[in-house]
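Below is one structure, written out as structure tokens; the observations come after it.
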Amino acid sequence: MSEASTLLKVEDLYVKYRSYWYTYHVLDGVSIRIKPGEKVGLIGESGAGKTTLLKSILRILPPQGRITKGKILYKDINLLRCSKGTLLEIRRKKVGMIFQDPLAALNPVFTIKEQMVDILKYIYKGSNYKKSDLENIALELLREVMLPDPERVLNSYPFQLSGGMRQRVVIAMALASAQELLLADEPTTNLDVTIQAQILKLISNLVEKRRLSMVLVSHALGMVRSMTKRIYVMYGGNIVEEAPSSKLFNEPLHPYTQLLIENAPKIIATKLGEGIKGNPPDYRYPPPGCRFHPRCPYAMDICKKVKPLLIKVNNDRYVACHLYAEKDMIKKLEV
Amino acid sequence: MANTDIEKGSEHPIMLRLKNLKKYFPTSRGTVKAVDGISLNVFKGETLALVGESGSGKTTTAHVILGRYIATEGSVLYKNIEIGHMPLIKRPLWLRREIQIVFQDPATSLNPKKTVKDIIEVAIKIHYPKLSKLDRVERLLELLRYVGLTEDFLFKLPGELGGGEKQLVALARALATDPKFLILDEPTSALDVSAQSKILKTLLNIQRDRRLSYILITHDLAVVRNISHRVAVMYLGKIVEKAPTEELFSNPLHPYTRMLLSSIPTLTEEESKLLPKGIESTGEIASAINPPPGCRFHPRCPYAMDICKKMEPPDINVSKGSKVRIVKCWLYAEESKTKL
């Protein structure tokens, strides 16, 4: 793929968190790429590093988090090397992020109007918009997310709104700065199924209308399937599989993806899975080799020593697992 | 998988019967009608799922059964004894022993400073004071093994356990008193996929083993499909549909049930084919202080008629054979409508 057709490219990214006693080796060589207008999903269980990856892209990791290696290219700008001004410009005008918990993302002691105008002031810094102009923009954004009675919402405090309405406000705030890319971090956790369906529809309509690219992060597998074209599966700070959404669920390749899909409760009453034995890796002392090997039913000796790289197994499918590398090698030998 | 061989009959006595149960909370802004006249039966060895959006009164119902709230009106009969107006502290010990609960989030329902041993032992100590220390520990180990944990967990703190393991400890604690009736309040919604199926499987095994009755409160319909025998769908304090699980999923009747089902995100094409078409989620659940007149669902209902806005629909029996099915919707009341 040529550089020009890539909007965002993360290459071999390593992120560590440090506490007083320990270092947590979270992201372990993550690479993803997003083309303009593409909708990409990122799935994995809690603690797989999904949010860390999103936050690294915007460079908003908490102070304990450090990017130790890698590259993040937004078009041709390396976000890890660029000037503060360029970075702020991208945050203000290009990339918007929907944060996980709408209650935590909104300040309880300010009205929605105060909070939105605050954000807009920052986004339109340098232009000579008056406060009333900014209020109109805020109103317009609230209309865009289909909030009934936006005037009332604008003057409300977050606690006066329902969960679905709060999430719509948070989406409106993300839209204010998302001209090119929308990062959605679990946009529907804590919402009821019916409201979840409404919010998802809203997001996909907005993305379509504004011609945005999107990264959708979630552990709700079905939701990601319906919203995206391509999916990355994360486990323990690694990308373990990449596949088109249409194929991933019918034919998962990585043992982790297979177990994950097998164990997800489905409405077709099939047998319940056994669960995946063991726990997610301890980031202080991540397992050597493949980070999934202690829980993997197919683990071989090599898995304990060598970290598998993401390899191409088909036209559009990639997997990081020694099971597939070996088959490749055998094929090569036969040829 | 849930087997639907449990139907009415003498070998499945009724464990719990709710009759026109109401629970109101007076507030400064008006009375919150959290549960407003619901009736249902739970049989021995059966799982009844209570589903519905947040704010529909599922958890309030559970807490009335547990005795944490006192019913405003109506009755809760447990083994034919009226317990709805009996607060928890006035309940006899045997009753408290028999009805237990597993909470949603094990990270907050387990004391982070106590070891697994302490957490479970307290329940045994209170309910079986005559047991010697040795017997107590023996019972404790038995419980741990029963839910699929090992003795290695005895002296661990909840913080050292994974989400699924924590929920298993919470389950072991609930089982410590040898309950007959277990309330499961969103038992898997705080867990990751890999831990969910383990918990569900354990729950099924325990039920088969001990013939427990469960009330499963959840909004995850896939979980309902997998472990419950019957489903009651709640909306704003009312039960709008009651049906055996399979029937409900293959042929949902109430428009709200259809809306719920059509909102489930699916994993495969096969699954999406099963979901009802032509109904889309709109609007939000109204306030329980001032519920809409008539049918409470009518502002969100695509099939709303004039009568829905004026009169509350009655419980309409649409049972076929032995499978009892009740739906609270004017759409199914052709005959009764003409009578009015």
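Quick caveat: nothing in here was measured; it's all calculated off a predicted structure. Numbers restart at 1 for each chain; the letters A, B, ... are given by sequence-line order, proteins then strands.
- The shortest non-hydrogen separation linking B:N226 to A:P265 is ND2-CB, 3.8 Å.
- Taking each heavy atom of A:T194 and B:S281 in turn, the nearest pair found is O-OG, 2.7 Å.
- With a threshold of 4.5 angstrom between heavy atoms, A:A220 does not approach chain B through any atom at all.
- For B:K277, the NZ atom counts as densely surrounded, since its 6.0 Å shell holds more than 12 non-hydrogen atoms of other residues, nucleotides or ligands.
- The two residues B:G283 and A:I195 come nearest to each other via the heavy atoms O-CD1, 3.8 Å.
- Only the side chain of A:K201 comes within contact range of chain B, with heavy atoms under 4.5 Å apart.
- At a 4.5 Å heavy-atom cutoff, the contact between B:E269 and chain A is made by backbone and side-chain atoms alike.
- The contact between B:L267 and chain A is made by backbone and side chain atoms together, counting heavy-atom distances below 4.5 Å.
- Environment of NZ in B:K156: crowded, with over 12 heavy atoms of neighbouring residues, nucleotides or ligands closer than 6.0 Å.
- For chain A, the nearby part of B:L275 is the side chain; its heavy atoms alone come within less than 4.5 Å.
- When each of B:T266, B:L200, B:T282 is scored by its heavy-atom pairs under 4.5 Å with chain A, the top score falls to B:T266.
- Only the side chain of B:Q196 has a heavy atom closer than 4.5 Å to any heavy atom of chain A.
- Between chain A and the options B:H219, B:K198, B:E271, the largest number of non-hydrogen pairs under 4.5 Å is found for B:E271.
- Residue A:L260 touches chain B through both its backbone and its side chain, counting heavy-atom pairs closer than 4.5 Å.
- With chain A as partner, the option from B:L161, B:L221, B:V193 having the largest number of non-hydrogen pairs under 4.5 angstrom is B:V193.
- Your options are B:M259, B:E280, B:E53, B:E165, and the one with the most heavy-atom pairs under 4.5 Å with chain A is B:E53.
- Other residues, nucleotides and ligands contribute over 12 non-hydrogen atoms within 6.0 Å of the OH atom of B:Y303.
- Note that CD1 of A:I267 and CD1 of B:I264 are 4.5 Å apart. Values are rounded to the nearest 0.5 Å.
- Checking A:D192 against B:S54 by side-chain atom types alone, a donor-acceptor pair falls below 3.5 Å.
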Inset, instruction - Assess whether side-chain hydrogen bond (donor to acceptor under 3.5 Å, both in side chains) is satisfied between A:N263 and B:S194, documenting all intermediate values. - result: CA-CA 6 Å; A:N263 282 300; B:S194 67; over 6 Å; no
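- Interface remark: B:S272 contributes side-chain atoms only to the contact with chain A (heavy atom separation under 4.5 Å).
- Residue A:R284 qualifies as enclosed at atom CZ: its count of foreign heavy atoms under 6.0 Å is above 12.
- In this structure, the side chain of A:Q196 does not engage the main chain of B:S263 through any donor-acceptor pair within 3.5 Å.
- Per-residue heavy-atom pair counts under 4.5 Å with chain B were compared for A:R295, A:M223, A:K277, and the maximum is reached by A:M223.
- A:M227 does not touch chain B: none of its heavy atoms, backbone or side chain, sits under 4.5 Å away.
- Contact count versus chain B (heavy atoms, under 4.5 Å) is highest, among A:T189, A:V224, A:I261, A:L221, for A:L221.
- Without hydrogens or angle criteria, B:R225 side chain to A:K266 main chain gives no donor-acceptor distance under 3.5 Å.
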